[in-house]
Number of protein chains: 2
Amino acid sequence: MDQLRETLKGHHLRTTTCREDVLSAFINKKNALSHGDLEGALGESYDRVTIYRTLKTFLEKGIIHKVLDDEGLRYALCSQQCSEEKHQHDHIHFKCNACGKTNCLENSHIPNIALPQGYQPASFNLLIQGTCPECVAE
Amino acid sequence: MDQLRETLKGHHLRTTTCREDVLSAFINKKNALSHGDLEGALGESYDRVTIYRTLKTFLEKGIIHKVLDDEGLRYALCSQQCSEEKHQHDHIHFKCNACGKTNCLENSHIPNIALPQGYQPASFNLLIQGTCPECVAE
DNA sequence: AAATATTTTGCAACAGTGTTGCATTTAATA
DNA sequence: TATTAAATGCAACACTGTTGCAAAATATTT
């Protein structure tokens, strides 16, 4: 449980029960979570606004990153060490159309891509939709 | 101007001024447009709801496709011929962090990507963020 | 050209998502 | 334990997107 406090401290954040619970939710559920998912998971414990602010803070500090799919915005833990200064995310997000879960493929990398003249890329975001191993098995 | 009517007819849609104006906006502006962009461009001519429904219809008929970036949802013309039955989009979307515009790189293709065992991909969506040629030049 | 059937539109109302200001409470520090 | 600074809860609001229904417009038939 002190793991949570350490992570928060490591990112220069005060320890609060809300932050511990949100962080804990991200660690337990493996897949990306939306604000609504968190509201559901944490019940009535915290105000909606507090959860929004917690997500915003976690984003800024590099604890989580945004994950986009056609249904909207979700968040997932940063596996690589990210900080306020530097976010590094060139891995792939996979959304299963069967179970609806989105997660990060940790050991994947987006290959080099030849862009037309003049385009200067800074960050890459690849979402693949399809069927995940668990749903393929059924 | 009959171009518009033809396109609509080709997708089995009735010709209405709203549909013509929305389609026209997509053709004139080259970049991806959000619902809000269209509301701005079309002024008070049409009800918000009508624009939402027009976008939904265009999506279903394969006239436009969704483009996701970190700010939310936009739409862009399908360059390849899409229909109600089949959407085919493996091109790349580029968002310029300087001018804020997102567009499709028409001659680009997402390369083959090796997924971990068991994942069955169906569709790919790659967003690259950076600086576009026009903004690099400045 | 007028009548009909069908689709589309505008309006009202609503649900969901996200933000801001401010007073109160809580966490860290001295 | 007292002080300081940050985080929370509440109220209010703006934005985004959806649904039901009556009125209007389109395409079709006569």
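Please read all numbers here as calculations on a predicted model, not as lab measurements. Convention: sequence-line order gives letters A, B, ...; per-chain numbering from 1. The figures here come from the full heavy-atom set of this structure, side chains too, leaving out hydrogens, waters and symmetry mates.
- For K29(A) and D37(A), the salt-bridge test fails: no basic side-chain N is under 4.0 Å from an acidic carboxylate O.
- When each of N125(B), I110(B), L127(B) is paired with I92(B), the side chain to side chain contact (heavy atoms under 4.5 Å, CB included) condition holds for I110(B) and for no other.
- Around atom CG of N28(B), more than 12 heavy atoms belonging to other residues, nucleotides or ligands sit under 6.0 Å away.
- Annotation: of the two residues near DNA chain D, T50(A) and T16(B), the 5′-most nearest-nucleotide partner is T50(A).
- Within a 6.0 Å radius of CD in E71(A), more than 12 heavy atoms belonging to other residues, nucleotides or ligands are found.
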Pairwise N/O distances under 3.5 Å, protein to nucleotides 15-18 of chain D:
unit_1: dG17(D); atom_1: OP2; unit_2: Y52(B); atom_2: OH; d: 3.3
unit_1: dG17(D); atom_1: N7; unit_2: R48(B); atom_2: NH2; d: 3.0
unit_1: dG17(D); atom_1: O6; unit_2: R48(B); atom_2: NH2; d: 3.0

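- In this structure, R14(A) atom CZ and dA5(D) atom P are separated by 10 Å, rounded to whole Å.
- When heavy atoms are screened at a 4.0 angstrom cut-off, T15(B) is found touching the sugar-phosphate backbone but no base atom.
- Formation of a donor-acceptor pair under 3.5 Å by the D69(A) side chain with backbone atoms of G72(A) is found in this model.
- In summary, contact between chain B and DNA chain C, defined as any nucleotide atom under 4.0 Å from a heavy atom of the protein, begins and ends at dT6(C) to dA12(C) in the 5' to 3' direction.
- By the 30° and 60° cut-offs, the orientation of the rings of Y119(A) relative to F94(B) is perpendicular.
- As a whole-Å value, the separation of E44(A) CD from dG9(D) P is 12 Å.
- As judged by a 4.0 angstrom heavy-atom cut-off over every strand, S45(B) is placed among residues touching the sugar-phosphate backbone only.
- Ring geometry for H65(B) against H91(B) counts as perpendicular: the plane angle is over 60°, on a 0 to 90° scale with 30° as the lower cut.
- Among the heavy atoms of the strands lying under 4.0 Å from R53(A) is at least one base atom, whether or not backbone atoms are also near.
- The one candidate from N31(B), T102(B), N103(B), D70(B) that meets the side chain to side chain donor-acceptor pair (under 3.5 Å) condition with K95(B) is D70(B).
- Spacing between atom CG of L13(A) and atom P of dA7(D) amounts to 7 Å, rounded to whole angstrom units.
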